[in-house]
Each structure stands twice: as C-alpha cells, then as structure tokens.
Amino acid sequence: MGAGRKQQRMIPTVNVAALRQARWYQFVLRFVLGGIVTVCTGLVAQHWGPVIGGLFLSLPAIFPASATLLEQHQNEKKRRAGMHSPRRGRDAAALDAAGAVLGGFGLVAFACVAWRALPVLFAVGALALAGLAWLVVAVSLWWLRRHW
Amino acid sequence: MELLWRFLLGGAIVGAFALIGDVVRPKRCAGLFGGAPSVALATLAVTVVHDGPTYASVEARSMIFSSVGFILYVYVVCRILASGRGSAAWVSMVALAIWGVVAFVAGWVLGGSSSA
C-alpha cells in the first residue's frame with residue numbers, strides 16, 4: 001500500500017483544475033515579462049554582440065515574479081482556510097526553486113546542444129534537439145532525486 | 001518589427017512554460033519549468049532568422065556559463081526560503097546579484113577570449 005502510494009507520487013500528473021484557481025493577471029504578467037526580457041536580450045546582443053547577449057538567455061527574470069505569485073497564492077489559500085502563517089507560501093516557493101535547480105542543469109544541456117547543433121543542423125531541428133536535451137536532463141534528475 | 005516578433009514569441013513561450021508549470025504535479029516537478037529555456041528558445045529562433053545560425057551558436061555558448069549562475073541563484077533562493085528567512089519576493093530579487101556576478105565574470109572571461 002505504502003509502496004503503491006510512493007509509486008503513484010513518482011508519476012507526474014496534470015491538474016487542469018489548478019488553472020481555475022489562477023488569476024487572469026498572472027498570465028498577462030508572465031506574457032508581458034517574457035516579452036520584455038526577450039526584447040531586452042535582443043537589444044543587449046545588438047549593442048554588445050552575441051557573447052554578452054547570450055549570457056542573458058538564462059537570466060532568471062521571470063523567476064522572482066513566479067515565486068512571488070506562488071507564495072501569495074498559497075498564503076491566500078491558507079488564509080481562506082483560516083490559517084495565517086506565511087510559512088506555507090515560503091515552503092511552496094522553496095519547493096518550486098528546488099525544481100528550478102534541476103531545470104537549471106537542463107539549461108546547461110540545452111545551451112551545449114544548441115551551441116554545437118545550430119551551425120550544422122536546420123535551426124528548427126537544432127532547437128528541437130536542444131529542447132529535448134533540456135527535458136531529458138531535467139526530468140531524469142528529478143526522477144533520480146525522487147528515486148534515491 | 002523584429003522587436004515585436006521577439007516580444008510576442010518571448011511572451012508566448014514564457015507563458016506556455018509557466019502554464020505547464022501551473023498544471024503539473026507534484027510541485028517539485030512543476031518547478032522544473034521555472035528553469036525552462038523559454039527566453040532562450042524565443043531569442044535563438046529570432047536570432048537564427050535575422051543573424052544566422054553561427055551568431056546564434058555564439059549566444060548559446062555564452063548561455064552555458066550564465067546557466068551555471070542560474071543554478072547557483074535558484075539553489076541559494078531555495079535554501080533561504082526553506083530556512084524560513086525572508087519573503088519569496090525579497091529573497092528572489094536580492095539573490096539576482098548572484099546570477100549577475102557569475103554572468104559578469106563569464107562575460108569578462110569570454111569577452112577577453114573572443115578578442116584575443
């Protein structure tokens with residue numbers, strides 16, 4: 001029974017109902033922030049060249065907003081349930097950051113593959129391969145961490 | 001026009017990864033999408049079209065080093081928040097300095113090696 005539950009927790013699931021709890025401005029904020037960061041990255045590359053511009057490809061500009069929204073959302077949920085501790089929100093944001101660490105290793109894999117593949121493959125194929133490298137590394141590390 | 005494309009593509013990809021992060025459970029797995037290459041995908045796609053694949057490849061090489069800064073940044077944020085000190089907004093903003101230092105050093109080293 002316990003092993004069965006553990007096995008169940010190992011498999012990632014999709015909870016579409018979570019979208020109903022989100023506010024519309026959270027989506028707008030992420031869209032606008034993502035757009036602004038991408039534009040700024042392009043402008044930096046135009047002014048200082050691709051070596052400096054490339055550094056901004058992994059700028060964690062969206063992360064502070066996401067972590068803050070997550071903390072607020074969790075605290076609000078607890079407040080509605082009659083609990084007033086900020087601890088729950090911080091824990092949720094910490095858990096999110098722990099996942100992002102694993103995603104960060106995937107970013108390194110993404111960049112390595114894109115660096116080597118872009119000059120020799122079609123751009124779409126090279127970026128798809130790099131994206132796949134990110135997914136494989138990030139999910140494998142997550143699985144390894146859960147397993148051991 | 002190029003900037004508009006960058007804005008729309010960047011916003012759409014960042015929004016899409018954030019949306020996936022919202023619906024995936026468990027939470028640590030959802031957190032993976034906080035480290036998704038959303039800005040990189042949008043930027044490299046537009047850069048390949050406008051400046052060619054070699055230019056985009058140089059950007060990707062720089063990204064390897066700043067990604068190490070990203071890992072350090074989120075690790076520190078995770079440790080501080082888990083210890084219960086500071087709000088997510090404050091900690092995640094102040095700790096950006098860690099990424100900044102790594103990116104600055106990487107830029108200095110890579111910039112020097114490119115011009116040599």
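Per chain, numbering begins at 1; letters A, B, ... match sequence-line order. These figures come from a predicted structure and were not determined experimentally. Quick note: numbers below take in every heavy atom, side chains included, and nothing from hydrogens, waters or symmetry partners.
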Counting only non-hydrogen atoms closer than 4.5 Å, does [X] touch chain A with its backbone (N, CA, C, O), its side chain (CB onward), both, or neither?
{"X": "B:Leu96", "answer": "side chain"}
{"X": "B:Tyr75", "answer": "both"}
{"X": "B:Thr43", "answer": "both"}
{"X": "B:Ser87", "answer": "both"}
{"X": "B:Val14", "answer": "side chain"}
{"X": "B:Val48", "answer": "side chain"}
{"X": "B:Ala45", "answer": "both"}

Please report the shortest heavy-atom distance between [X] and [Y], naming the atom on each side.
{"X": "B:Tyr55", "Y": "A:Ala45", "answer": "OH-O, 3.2 Å"}
{"X": "B:Phe7", "Y": "A:Val32", "answer": "CE1-O, 3.7 Å"}
{"X": "B:Gly35", "Y": "A:Leu107", "answer": "O-CG, 3.3 Å"}
{"X": "A:Ala94", "Y": "B:Ala82", "answer": "CB-N, 3.7 Å"}
{"X": "A:Trp134", "Y": "B:Leu32", "answer": "CZ2-O, 3.4 Å"}
{"X": "A:Val51", "Y": "B:Arg61", "answer": "CG2-NH2, 4.0 Å"}

For chain A, which of [options] has the most heavy-atom pairs under 4.5 Å?
{"options": "B:Ala103, B:Gly21, B:Ser57", "value": "B:Ser57"}
{"options": "B:Ala16, B:Gly34, B:Pro53, B:Gly100", "value": "B:Pro53"}
{"options": "B:Ile80, B:Ile71, B:Leu4, B:Val102", "value": "B:Ile71"}
{"options": "B:Arg6, B:Met93, B:Glu2", "value": "B:Arg6"}
{"options": "B:Val91, B:Leu72, B:Val68, B:Leu81", "value": "B:Leu81"}
{"options": "B:Ser66, B:Ala42, B:Gly52", "value": "B:Ser66"}

For the hydrophobic clusters of this structure (ILVMFWY residues joined by side-chain heavy atoms under 4.5 Å, transitively), does one cluster hold both [X] and [Y]?
{"X": "B:Leu110", "Y": "B:Met63", "answer": "yes"}
{"X": "A:Val137", "Y": "A:Leu132", "answer": "no"}
{"X": "B:Trp5", "Y": "A:Phe56", "answer": "yes"}
{"X": "A:Val136", "Y": "A:Val108", "answer": "no"}
{"X": "A:Leu70", "Y": "B:Ile20", "answer": "no"}

Specify which of [options] makes the most heavy-atom pairs with chain B at under 4.5 Å.
{"options": "A:Gly104, A:Ala123, A:Ala138, A:Ala117", "value": "A:Gly104"}
{"options": "A:Pro64, A:Ala97, A:Gly42", "value": "A:Pro64"}
{"options": "A:Leu141, A:Leu95, A:Leu69, A:Leu55", "value": "A:Leu55"}
{"options": "A:Leu102, A:Leu121, A:Leu59", "value": "A:Leu59"}
{"options": "A:Gly103, A:Ala109, A:Ala111, A:Pro119", "value": "A:Ala111"}
{"options": "A:Ala126, A:Gly131, A:Ala98, A:Ala65", "value": "A:Ala98"}

Rounded to the nearest 0.5 Å, how far does [atom2] of [Y] lie from [atom1] of [X]?
{"X": "B:Phe33", "Y": "A:Leu135", "atom1": "CZ", "atom2": "CG", "result": "6.5 Å"}
{"X": "B:Asp22", "Y": "A:His73", "atom1": "CG", "atom2": "NE2", "result": "8.5 Å"}
{"X": "B:Phe104", "Y": "A:Ile52", "atom1": "CZ", "atom2": "CD1", "result": "9.0 Å"}
{"X": "B:Leu19", "Y": "A:Phe27", "atom1": "CG", "atom2": "CZ", "result": "5.5 Å"}
{"X": "B:Ile13", "Y": "A:Phe31", "atom1": "CD1", "atom2": "CZ", "result": "10.5 Å"}
{"X": "A:Phe110", "Y": "B:Leu41", "atom1": "CZ", "atom2": "CG", "result": "4.0 Å"}

Under 4.5 Å from a heavy atom of chain B, the part of [X] involved:
{"X": "A:Ile62", "value": "side chain"}
{"X": "A:Val28", "value": "neither"}
{"X": "A:Ser66", "value": "neither"}

Any side-chain heavy-atom pair of A:Thr38 and B:Val46 under 4.5 Å: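 Of all side-chain heavy-atom pairs linking B:Val46 with A:Thr38, none is under 4.5 Å.
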Steps toward side-chain contact (heavy atoms from CB on, under 4.5 Å) verdict (B:Leu44, A:Leu57): CA-CA 9 Å; B:Leu44 290 175; A:Leu57 296 187; 3.9 Å; yes
Donor-acceptor contact present, side-chain A:Arg90 to main-chain B:Gly84, <3.5 Å: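 Flag set: sc A:Arg90 to bb B:Gly84 pair under 3.5 Å.
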